[in-house]
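Comments concern the structure below.
As the structure is a computational prediction, the values presented were derived from the model and not from experiment.
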Amino acid sequence: MATVVADPTIVRNATVEVLERALPGHRFDDPDRHGKWLMCWTDGPALLLHFGMTGDLVWSGDEPERHRHDRLVLEFVEGGELRYRNMRKLGGVWLAHDRGEVERILGGLGPDALAVSRKVFAERLARRRGGVKAALMDQGFVAGIGNILADEILWQGRLHPRRKLESLTEEERDRLYSEMRRVLRDAVRGYDYAERKRSWLSHIRGETGAVCPRCGAPLARIVAAGRTTYFCPRCQPVKAHRSGWPKRPLGWGR
């Protein structure tokens, strides 16, 4: 790495001057991801990136000109720039001098939502109380699920966002895990955004007059876990039927 140019408003645990001195002269190794965090290891300190709601990485070979929302620019000796772009400045950049410091920065996170095993997920779920969407979005429970993905997971799993965890059957808990893994695999494959499949909630989420892609019922909007939430009142009833599944309307399909 040759030089670092940083916006001080997104450097969270150091100064720009410290960042500019610490990184040049080092080479990046393979990065790791945990939840919404990207750990960029070098042969010296580590750079931690959190992308918030609007963050992205842009390579100068794809976009030669810098953008006004490029908050961090890493210039390489070999040529080219890697830019951390973040319009709303949510998330940010952290500097860690060793792996112990990385662990301290990430210390409040639960297991990665895509990596957690079915057994560990079930054990952690059994110790929780409250609404199911609040649990999914709690980064201390499992790390990596945001508002849009939580709505997609619950719609796929046919669970009301405000369902109490205590009310979930074993079959529903198992289904929640399976749908979480399936939706997240597609999100990671699509670079952290759920594929806008026509058969998915995310395809029409938030549109005026939107109807459920599965049953055709009008979608509802509420606030759950402090966030605007979309769901299907027919497919995701507040109370589960005795079988644990909502009744199947005509035309049901995934």
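Cluster membership for Leu168 and Val116, using ILVMFWY side-chain heavy atoms within less than 4.5 angstrom, is shared. Hydrophobic clustering, with ILVMFWY side chains joined whenever heavy atoms are under 4.5 angstrom apart, groups Leu47 together with Trp59. Hydrophobic clustering (side-chain heavy atoms under 4.5 Å, transitive across Ile, Leu, Val, Met, Phe, Trp, Tyr) groups Phe76 together with Leu49. Val120 and Phe141 fall within a single hydrophobic cluster, where Ile, Leu, Val, Met, Phe, Trp and Tyr side chains are chained together by heavy-atom contacts under 4.5 Å. Val18 and Val16 fall within the same hydrophobic cluster, defined by Ile, Leu, Val, Met, Phe, Trp and Tyr side-chain heavy atoms under 4.5 Å apart, directly or through other members.
Side-chain atoms of Glu81 never come within 3.5 Å of backbone atoms of Val73 as a donor-acceptor pair (strictly under, hydrogens ignored). With Thr54 contributing its side chain and Arg88 its backbone, the two residues share a donor-acceptor pair below 3.5 Å. No side-chain donor-acceptor contact under 3.5 Å links Arg71 to the backbone of Val11. Panel note: side chain Arg12, backbone Gly91; a donor-acceptor pair is recorded below 3.5 Å. Glu65 contributes no side-chain N or O that, together with a main-chain N or O of Glu63, makes up a donor-acceptor pair within less than 3.5 Å. Remark: the backbone N or O of Val223 is paired with a side-chain donor or acceptor of Arg162 at under 3.5 angstrom.
Looking at heavy atoms from C-beta onward, Tyr84 lies in side-chain contact with Leu57 at the 4.5 angstrom threshold. Gln139 is listed as a side-chain neighbour of Lys36, based on a closest heavy-atom distance under 4.5 Å. Phe121 is not listed as a side-chain neighbour of Arg173, based on a closest heavy-atom distance of 4.5 Å or more. In this structure, the side chains of Thr15 and Pro8 stay at 4.5 Å or more apart for every pair of heavy atoms.
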Could you walk me through whether Glu166 and Lys164 satisfy the salt bridge (Lys or Arg N to Asp or Glu O under 4.0 Å) test, starting with their C-alpha distance in whole Å, then the side-chain angles of each, then the deciding distance to 0.1 Å, before giving a yes or no? CA-CA 5 Å; Glu166 309 92 284; Lys164 296 298 183 183; over 6 Å; no
What verdict does the side-chain contact (heavy atoms from CB on, under 4.5 Å) test give for Leu176 and Ile153, after you've listed the backbone C-alpha separation in whole Å, the side-chain angles of each residue and the deciding distance to 0.1 Å? CA-CA 7 Å; Leu176 176 62; Ile153 291 166; 3.9 Å; yes
Could you please spell out the steps behind the side-chain contact (heavy atoms from CB on, under 4.5 Å) verdict for Trp155 and Arg214? CA-CA 10 Å; Trp155 181 79; Arg214 187 162 48 210; 3.5 Å; yes
Arg33 and Leu114: side-chain contact (heavy atoms from CB on, under 4.5 Å), yes or no, with the steps? CA-CA 10 Å; Arg33 181 193 59 79; Leu114 187 57; 3.9 Å; yes
Check the pair Gln156 / Arg182 against side-chain contact (heavy atoms from CB on, under 4.5 Å), numbers first and verdict last. CA-CA 10 Å; Gln156 295 284 355; Arg182 188 172 66 84; 2.8 Å; yes
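The shortest heavy-atom contact between Ser60 and Gly80 is OG-CA, 3.4 Å. The minimum heavy-atom distance linking Met1 with Leu74 is given by the pair SD-CD2, 4.0 Å. The two residues Ala96 and Ile105 have their closest heavy-atom pair at CB-CD1, 4.2 Å. Nearest heavy-atom pair, Cys235 versus Cys212, reported as atom, atom and distance to 0.1 Å: SG-SG, 3.8 Å. For the pair Pro45 and Ala22, the tightest heavy-atom approach, listed with the atom from each and the gap, is CG-O, 3.6 Å. Closest approach of Ala6 to Leu19, counting heavy atoms only: CB-CD2, 4.0 Å.
Rounded to the nearest 0.5 Å, atoms NE2 (His69) and NZ (Lys89) are 8.5 Å apart. Considering CZ of Arg158 and CZ of Arg234, their distance stands at 13.5 Å, rounded to 0.5 Å. To the nearest 0.5 angstrom, Arg68 atom CZ is 9.0 Å from Met87 atom CE. Taken from CG in Asn86 to CZ in Phe51, the straight-line distance is 9.0 Å, to the nearest 0.5 Å. His160 NE2 to Gln236 CD: the interatomic distance, rounded to the nearest 0.5 Å, is 7.5 Å. Here the straight-line distance linking atom CG of Leu154 with atom CG of Leu159 works out to 6.0 Å at 0.5 Å rounding.
Residue Leu48 is tested with Leu95, Val102, Leu38, Asn13 for a side chain to side chain contact (heavy atoms under 4.5 Å, CB included); the sole match is Val102.
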When the side chains of residues 143-151 are checked against the rest of the protein, which donor-acceptor pairs come out under 3.5 Å, sequence neighbours left out?
residue, atom, partner, partner atom, Å
Asn147, OD1, Lys133, NZ, 2.5
Asn147, ND2, Thr228, O, 3.0
Asp151, OD1, Lys133, NZ, 2.7
Asp151, OD2, Arg205, NE, 3.0
Asp151, OD2, Arg205, NH2, 2.8
Asp151, OD2, Tyr230, N, 3.0

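Around CG of Asp30, the count of heavy atoms belonging to other residues, nucleotides or ligands within 6.0 Å does not exceed 12. Around atom CZ of Arg66, more than 12 heavy atoms belonging to other residues, nucleotides or ligands sit under 6.0 Å away.
Using a 4.0 Å cut-off between a side-chain N of Lys or Arg and a carboxylate O of Asp or Glu, Arg163 and Glu172 qualify as a salt bridge. Contact check on Arg175 versus Glu171 returns a salt bridge, with a Lys/Arg side-chain nitrogen under 4.0 Å from an Asp/Glu carboxylate oxygen.
If you check the side chains of Arg181 and Tyr177, you find a donor sitting under 3.5 Å from an acceptor. There is no side-chain donor-acceptor pair under 3.5 Å between Asp112 and His34.
Under the 30°/60° scheme for interplanar angles, the aromatic rings of His50 and Trp37 are found to stand perpendicular.
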